[in-house]
Amino acid sequence: MKYVDEYRNKEIAQKILRQIKSISKKKINLMEVCGTHTVNIFRNGIRKMLPSNINLISGPGCPVCVTPISYIDEIIALSRGENFIITTFGDMIRVPGSTSTLEKEKTDGADIRIVYSTLDALKIALDNSSKEIIFMGVGFETTSPTIASAVLKAQKEKIENLSVLSVAKIMPPAMKALLEGKEVNIDGFICPGHVSAIIGSKPYNFIAAQHKVPCVICGFEPLDILQSIYMLVKQIEDGRAEVEIQYERAVKPEGNKIALDKIDEVFKVVDSNWRGIGNIPLSGLEIKDEFGKFNARKFIVETEETKEPKGCRCGEVLRGVITPPECSLFRKGCSPENPQGACMVSTEGTCAAYYKYN
Amino acid sequence: MCLAIPGKVKKIFNDHTAEIEIGGIVKNASLDLIPQVAVGDYVLLHAGFAIQVIDQKKALEIFRAWEGKVN
Ligand code: SF4
């Protein structure tokens, strides 16, 4: 077992599909809230395999896409300062701010470095003791413990020139906001597997209990996705709403306690602004006051007035209200080479997935 | 961005890091988030950190559930 190819077995996929077809009667919308799921669903042609009564909708599951423009403007303003090195995961570098991107700033001389891990940022801080290193803290619960871990390490090793500009987000409150917004009818959630590897299954319980919407925590290979859809269809046809774990090889009901403790130690839960959705109560993570010196918000910068790209409908795409082809700029002025909105920049953005695979 | 890839733990070092093999390529990763791993375990690697151990028994259940099924 290598835990990858085995889950791409065509014969088993056909069996699951036949079962789905034989039990699925109702017309339903299932939302996947993870960008990695969106890409894998497209790459494997899963939408086309399903019977026509099952509709898959993509949700706000790409951290790059839900990061507000004002945040990009903030980091761009910081990057223009004399003494700063900006460190970031690669996905963020081409996201348009109001008037610029980090990529442009880099060409103009700003010191912006792509890192693979928060620990690389820590190393850059060690090697450049006269500079202030800022890490762009973008991500969901999968990533936030790695940010917390780096902050704790910086504290322990007395590395004081590293700080985080956090827009880290928490997924379940966004799912709640979508349900309460009632713009789309969601009959079941394909829940994010790697977020859940950290948070476990309990944080979704309210969705099943209060909103009566079934949830299945799903792995990322084709068999995982098909089996999760089967489990959701089964719940819906049986009239049940529960939280089930399909991705049992990686997700325990209690999640990863050590990672959760690190998040708790470093971050406090705050209201957070999601691009396209707006402010969601208690859906974000900010560095705690005790760790204030590691919070890049200690550097006060003036930012320009936020400007959304004209005509871009990313917000509606992120809420699952429209599909990208319904945006008049899709393929006409907006493409991965010349993206207007974040949903087209990020490889996990819904617009980019539609562009590449549809 | 929440991509995590399964890899096999090859070596564990004293500083809570490990060598992890993914498809023939060896990567260094931090074990800060799952300290109790052993050489030979498969872990999920995300942004330089192992974030979970793969439960090898549970991993087989999907095959047990479907392989026998004729339909
Ligand atoms: S196609 Fe481009 S302009 Fe339209 S919503 Fe997507 S990212 Fe925005």
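This structure is a prediction, so every number in the text was calculated from the model and none was measured. In what follows, chains are A, B, ... by sequence order, proteins preceding strands, each numbered from 1.
- When heavy atoms are compared at a cutoff of 4.5 Å, A:Asp91 approaches chain B solely by way of its side chain, counted from C-beta outward.
- Looking at A:Glu348, only its side chain comes within 4.5 Å of chain B, counting heavy atoms on both sides.
- Contact annotation for B:Ile51: both backbone and side-chain heavy atoms come within less than 4.5 Å of a heavy atom of chain A.
- Using a 4.5 Å heavy-atom cut-off against chain B, the contacting residues of residues 144-153 of chain A are A:Pro145, A:Thr146, A:Ser149.
- Residue pairs meeting the side chain to side chain donor-acceptor pair (under 3.5 Å) criterion with at least one member in residues 190-201 of chain A, sequence neighbours excluded, are A:His194-A:Tyr247, A:Ser196-A:Tyr204.
- Using a 4.5 Å cut-off between heavy atoms, B:Gln56 contacts chain A through both its backbone and its side chain.
- Only the side chain of A:Lys252 comes within contact range of chain B, judged by heavy atoms closer than 4.5 Å.
- Contact of B:Gln36 with chain A is made through the side chain alone, with heavy-atom distances under 4.5 Å.
- Within the structure, every pair that satisfies the side chain to side chain donor-acceptor pair (under 3.5 Å) test and touches residues 40-51 of chain B, not counting sequence neighbours, is listed here: A:Thr143-B:His46.
- Across A:Ser346, A:Ser117, A:Cys62, the residue that shares the most heavy-atom pairs under 4.5 angstrom with chain B is A:Ser117.
- Both the backbone and the side chain of A:Leu223 have a heavy atom closer than 4.5 Å to some heavy atom of chain B.
- Applying the salt bridge (charged side-chain N to carboxylate O under 4.0 Å, His left out) test to A:Lys356 and every residue at least two apart in sequence or in another chain returns nothing.
- Residue A:Lys2 touches chain B through both its backbone and its side chain, counting heavy-atom pairs closer than 4.5 Å.
- Between A:Phe89 and A:Phe135, the ring planes are perpendicular. Angles over 60° get that label, and only those under 30° would be called parallel.
- The candidate with the highest count of non-hydrogen atom pairs below 4.5 Å against chain B, out of A:Asp261, A:Val138, A:Val64, is A:Val138.
- Using a 4.5 Å cut-off between heavy atoms, B:Val43 makes no contact with chain A at all.
- Figure legend: cation-pi geometry between A:Arg249 and A:Tyr7, with NZ or CZ positioned under 6.0 Å from the six-membered ring centre and within 45° of its axis.
- Contacts between A:Gln246 and chain B at a heavy-atom distance below 4.5 Å involve the side chain alone, from C-beta outward.
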